[in-house]
Amino acid sequence: MSLAVELSGQIPYLRRYARSVMGSQTSADNYVAALLEALISDPSSLPNDHGIRTGLYKMFVSLWSSIDLNLRDSQSAGVEQSATRTLQAISPLPRQAFLLVFVEGFSREEAAYVLGVDDAELATLINQAHSDIAAQVATKVLIIEDEPLIAMDIQAMVEDLGHTVTGIARTHTEAMQMVGADRPGIILADIQLADGSSGLDAVNEILHEMTLPVIFITAFPERLLTGERPEPAFLVTKPFEPAAVSALISQALFFREDVRDAA
């Protein structure tokens with residue numbers, strides 16, 4: 001199997017990771033593009049002593065640490081400037097460690113290799129991430145999910161993090177009604193709803209009226225990771241680990257300019 005074929009299935013998930021770390025589709029995609037250009041120029045530059053996927057993420061982390069492409073989404077520049085001020089006080093390494101283990105599904109040994117740290121330091125980083133997540137400002141959460149048990153699990157997890165659930169919508173119509181009744185600070189949404197309506201359509205309609213972060217929780221990530229624009233910055237795959245969702249909520253709120261206004 002050629003290197004290009006092996007990498008093709010990993011690139012959408014690397015882009016997801018990059019966007020979760022940066023909070024910007026443009027910046028993340030350009031870093032991934034720079035990585036691919038480097039691989040085309042010198043395929044031997046990909047570390048492969050821990051497998052192709054692990055090497056790809058390690059190469060991305062190394063590239064991100066070594067250069068600044070300084071590319072931002074023009075429409076979200078203000079949000080990202082605010083996020084930059086927040087992130088100045090919090091090292092990105094704990095967030096990366098948390099995302100690698102709980103969202104991307106790497107073992108702790110693999111995550112330590114990707115970040116270039118030892119096992120003890122990785123444990124410290126993950127513990128720090130837990131502290132950072134617990135310290136996030138509480139906000140209102142709208143859940144768009146048609147499966148009752150999953151919705152209840154998400155609600156319990158969100159409330160354990162200190163947030164308030166404004167409602168659980170099972171259809172597009174319910175989602176629009178609940179947003180109108182009580183504006184949320186963040187949305188957790190499935191893309192396939194009870195009556196055949198689309199959570200993605202509901203979210204797009206909501207985002208025409210207000211700006212807020214959205215995390216998609218879906219069994220069909222390939223429907224959203226198509227390479228077309230726009231794509232979600234925050235995406236978790238069913239069945240999910242609660243820690244993965246809590247990590248992305250925290251990460252999304254890092255890039256929320258006015259989350260306190262919605263609390």
Side-chain angles (χ1 to χ4, degrees), residues 1-73 92 95-116 189-192 198-200 203-204 214-241 244-245 247-248 251-252 255:
M1 185 181 296
S2 69
L3 178 61
V5 172
E6 288 190 76
L7 292 179
S8 62
Q10 303 300 332
I11 295 304
Y13 298 98
L14 179 65
R15 288 164 57 223
R16 174 182 68 178
Y17 172 73
R19 294 173 189 184
S20 294
V21 171
M22 298 179 187
S24 163
Q25 179 173 339
T26 297
S27 295
D29 285 357
N30 277 283
Y31 269 90
V32 173
L35 180 148
L36 294 176
E37 289 174 6
L39 281 175
I40 291 170
S41 175
D42 181 13
S44 66
S45 62
L46 178 68
N48 60 9
D49 49 334
H50 282 65
I52 295 294
R53 179 172 182 259
T54 306
L56 185 67
Y57 278 72
K58 182 175 181 62
M59 188 174 179
F60 171 80
V61 169
S62 177
L63 181 70
W64 184 37
S65 301
S66 63
I67 63 175
D68 181 7
L69 296 185
N70 197 27
L71 296 169
R72 298 186 181 277
D73 292 323
R95 298 194 314 278
Q96 290 188 76
F98 206 99
L99 288 166
L100 285 169
V101 173
F102 295 107
V103 177
E104 300 303 322
F106 285 102
S107 69
R108 292 189 177 228
E109 178 184 2
E110 290 169 333
Y113 171 78
V114 169
L115 295 178
D190 195 356
I191 62 173
Q192 186 169 303
S198 167
L200 183 59
V203 166
N204 284 335
V214 178
I215 298 173
F216 284 98
I217 304 174
T218 177
F220 308 101
E222 65 278 1
R223 296 185 185 179
L224 297 174
L225 297 172
T226 62
E228 301 294 327
R229 293 175 181 269
E231 286 186 333
F234 306 106
L235 174 66
V236 64
T237 304
K238 291 179 179 177
F240 59 84
E241 291 287 338
V245 182
L248 287 184
Q251 191 68 11
F255 293 97

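All residue numbers refer to positions in the sequence shown, counting from 1. Atom set for the values below is all heavy atoms of this structure, side chains included, hydrogens, waters and symmetry mates excluded.
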- request: Answer yes or no: is there a side-chain heavy-atom contact under 4.5 Å between I191 and F216?
  value: yes
message: Show me the pairs that pass salt bridge (charged side-chain N to carboxylate O under 4.0 Å, His left out) and involve residues 50-66, at least two apart or across chains.
response: R53-E104
query: Atom CG in L56, atom CG in L14: separation rounded to 0.5 Å?
result: 5.0 Å
- prompt: Can you tell me how far CD of Q192 sits from OG1 of T218, rounded to the nearest 0.5 angstrom?
  reply: 7.5 Å
- prompt: Parallel, tilted or perpendicular for F102 and F98, by the 30°/60° rule?
  reply: tilted
statement: All heavy atoms of L35 vs all of L63, minimum pair found to be N-CD2, 3.5 Å
- line: Interatomic distance, OG1@T54 vs CD@E109, rounded to 0.5 Å, equals 9.5 Å
Stepwise side chain to side chain contact (heavy atoms under 4.5 Å, CB included) test for L99 and V21: CA-CA 8 Å; L99 288 166; V21 171; 3.8 Å; yes
List the atom pairs, with distances to 0.1 Å, where a side-chain N or O of residues 36-43 and a protein N or O form a donor-acceptor pair under 3.5 Å, not counting sequence neighbours.
| from | atom 1 | to | atom 2 | distance (Å) |
| --- | --- | --- | --- | --- |
| D42 | OD1 | S44 | N | 3.3 |
| D42 | OD1 | S44 | OG | 2.5 |

message: So Y57 and L100, do their side chains get closer than 4.5 Å, heavy atoms only?
response: yes
field: Non-hydrogen atoms of R16 and V103 that approach each other most closely
entry: NH2-O, 3.6 Å
message: Parallel, tilted or perpendicular: which one describes the rings of Y113 and H50, with boundaries at 30° and 60°?
response: parallel
message: Is it the case that the side chains of Y17 and Q96 hold a donor-acceptor pair, with the cut-off being a distance below 3.5 Å and no angle test?
response: yes
message: Does V114 form a side chain to side chain contact (heavy atoms under 4.5 Å, CB included) with F60? I'd like the steps, not just the answer.
response: CA-CA 9 Å; V114 169; F60 171 80; over 6 Å; no
task: Quick one: closest heavy-atom pair of V101 and A111, and the distance?
output: CG2-CB, 3.7 Å
Nearest non-hydrogen partners of K238 and I217, listed with the distance: CE-O, 3.6 Å
query: Excluding sequence neighbours, so at least two apart, what forms salt bridge (Lys or Arg N to Asp or Glu O under 4.0 Å) with E110?
result: none
